There are 2 protein chains.
Amino acid sequence: MLEPVDKHSGIPAYLQIMDMIKKEIVLGNLKFGDQLPPVRELKKVFGVNVNTIMKSLEKLQMDGIVEAQHGVGYFVKKSKIINPKVVDILEKSVEELKKMDMDLNTTILILEEVWKKGEQS
Amino acid sequence: MLEPVDKHSGIPAYLQIMDMIKKEIVLGNLKFGDQLPPVRELKKVFGVNVNTIMKSLEKLQMDGIVEAQHGVGYFVKKSKIINPKVVDILEKSVEELKKMDMDLNTTILILEEVWKKGEQS
DNA sequence: AATAGTGTACTATAAAAGTATAACACATTT
DNA sequence: AAATGTGTTATACTTTTATAGTACACTATT
């Protein structure tokens, strides 16, 4: 879901926008070759200025995730298909973690740590 | 580990600092009653200005996580003990996810989505 | 050719984040 | 009392982020 940016979160708007678009692609709501809503539409959806939209899209383009076609629109360039097993694994873990009274933020903190620890070894 | 702030990540320095301190507490490297390194030390560690450190600490104090004692130092006020099972669950999930060629950022995006989905139902 | 829909670029302005530097206030130790 | 280590505050400055408004450029359709 593309939602208005949270202006009080402290996270720069353009980063929030990048994340939401990435999420749409990851979740399969936007697939390879799909056209993104026009910038004037995104502007309304996210509740920010065109320039902020442009900054997000330019960064996404630099990351190779979307591609601009002048006068036509933005298109999804890279879309990694997520193995349904991934969602399955996470759903099961989340279920258990919630039972243990964990919250999302703390979970992410630990997840990051566990992930990095595994890379060193 | 307390590391220098990433100044090019786009994430405000004070947020990165808050996250790192929270992480230390969550991981048990900082326990209830422990004194944090002095602000002048934190300034060096994180590579930012004193004012930025102060902003982070004040916010952490407002969140009830640390407490200031003028002339003495900052102390950990709240430390949630993490069930070792939590780390266990995450370690196993991470192991599987890495085998499926997942990266950390994408994993977090999906985790957030799965977490929120479970709250609606 | 004209039009409508799209991305792009520019200027000006403001607000927020961060730096650098210095001084002040409180607590503990000597 | 003095010195040291701690948190606290203030000022001035720079950079980044975001807004507002306007105009321009490219593409497709009619």
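We name chains A, B, ... by the order of the sequence lines, and we start the count at 1 in each one. These figures come from a predicted structure and were not determined experimentally.
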Please report, rounded to the nearest Å, how far the C1' atom of D/dG7 is from the NZ atom of B/Lys43.
14 Å
Going only through I, L, V, M, F, W and Y residues with side-chain contacts under 4.5 Å, is there a path from B/Ile108 to B/Met100?
yes
Using whole Å, what does the distance between atom P of nucleotide D/dT16 and atom CD of A/Glu58 come to?
16 Å
For residues B/Leu60 and B/Ile11: do they belong to one hydrophobic cluster (side chain heavy atoms under 4.5 Å, members Ile, Leu, Val, Met, Phe, Trp, Tyr)?
yes
Which whole-number value in Å describes the distance from B/Ile11 CD1 to D/dT17 P?
11 Å
Please list all pairs passing the salt bridge (Lys or Arg N to Asp or Glu O under 4.0 Å) test where one or both residues lie in residues 79-94 of chain B, with sequence neighbours left out.
A/Asp103-B/Lys80, B/Asp88-B/Lys92
Nucleotide by nucleotide, 5' to 3', does protein get under 4.0 Å of the base (B), only the sugar-phosphate (S), or neither (-) in nucleotides 25-30 of chain D, counting heavy atoms?
BBS---
Is A/Val5 reachable from A/Val39 through a run of I, L, V, M, F, W or Y residues, each pair having side-chain heavy atoms under 4.5 Å apart?
yes
Between B/Ser93 and B/Ile89 (side chain of the first, backbone of the second, donor and acceptor by atom type, cut-off under 3.5 Å), is there such a pair?
yes
D/dT17 OP1/OP2 closer than 4.0 Å to side-chain N/O of A/Thr52:
no
Closest to side chain of B/Lys55, choosing from D/dA18, C/dA17, C/dT8:
C/dA17
Could you say whether A/Lys59 or B/Val50 is positioned toward the 5' end of DNA chain D, judged by the nucleotide with the nearest heavy atom to each?
B/Val50
Of all the choices, C/dG7, D/dT8, C/dA9, which nucleotide is nearest to the side chain of B/Tyr74 once you look at every atom?
D/dT8
Taking only side-chain nitrogens and oxygens of A/Lys7, does any of them come within less than 4.0 Å of OP1 or OP2 of D/dA18?
no
Starting at CD of B/Glu3, measure out to CG of B/Asp6 and round the result to the nearest 0.5 Å.
10.0 Å
Over how many whole Å does the gap from A/Lys44 atom NZ to C/dT6 atom C1' extend?
14 Å
If I take atom CD1 in residue B/Ile17 and atom C1' in nucleotide C/dA17, what distance separates them, rounded to the nearest angstrom?
12 Å
Is the base of D/dA20 touched by the side chain of A/Asn49 through a donor-acceptor pair closer than 3.5 angstrom?
yes
Would you indicate which nucleotide in C/dT8, D/dG7, C/dA17 comes nearest to any side-chain atom of B/Tyr14?
C/dA17
For atom CD of B/Gln35 and atom P of C/dA27, their distance in whole Å
14 Å
Taken to the nearest whole Å, CG/B/Leu15 to C1'/C/dA17 is 11 Å
Provide, to the nearest angstrom, the distance between the NE2 atom belonging to A/His8 and the P atom belonging to C/dA17.
12 Å
Taking for A/Asn51 and for B/Pro38 the nucleotide of DNA chain D with the nearest heavy atom, the one nearer the 5' end belongs to B/Pro38
All N/O donor-acceptor pairs, side-chain side in residues 18-25 of chain A, below 3.5 Å, sequence neighbours left out:
{"unit_1": "A/Lys23", "atom_1": "NZ", "unit_2": "B/Glu112", "atom_2": "OE1", "d": "3.2"}
{"unit_1": "A/Glu24", "atom_1": "OE1", "unit_2": "A/Asn29", "atom_2": "ND2", "d": "3.1"}
{"unit_1": "A/Glu24", "atom_1": "OE2", "unit_2": "A/Met1", "atom_2": "N", "d": "2.6"}

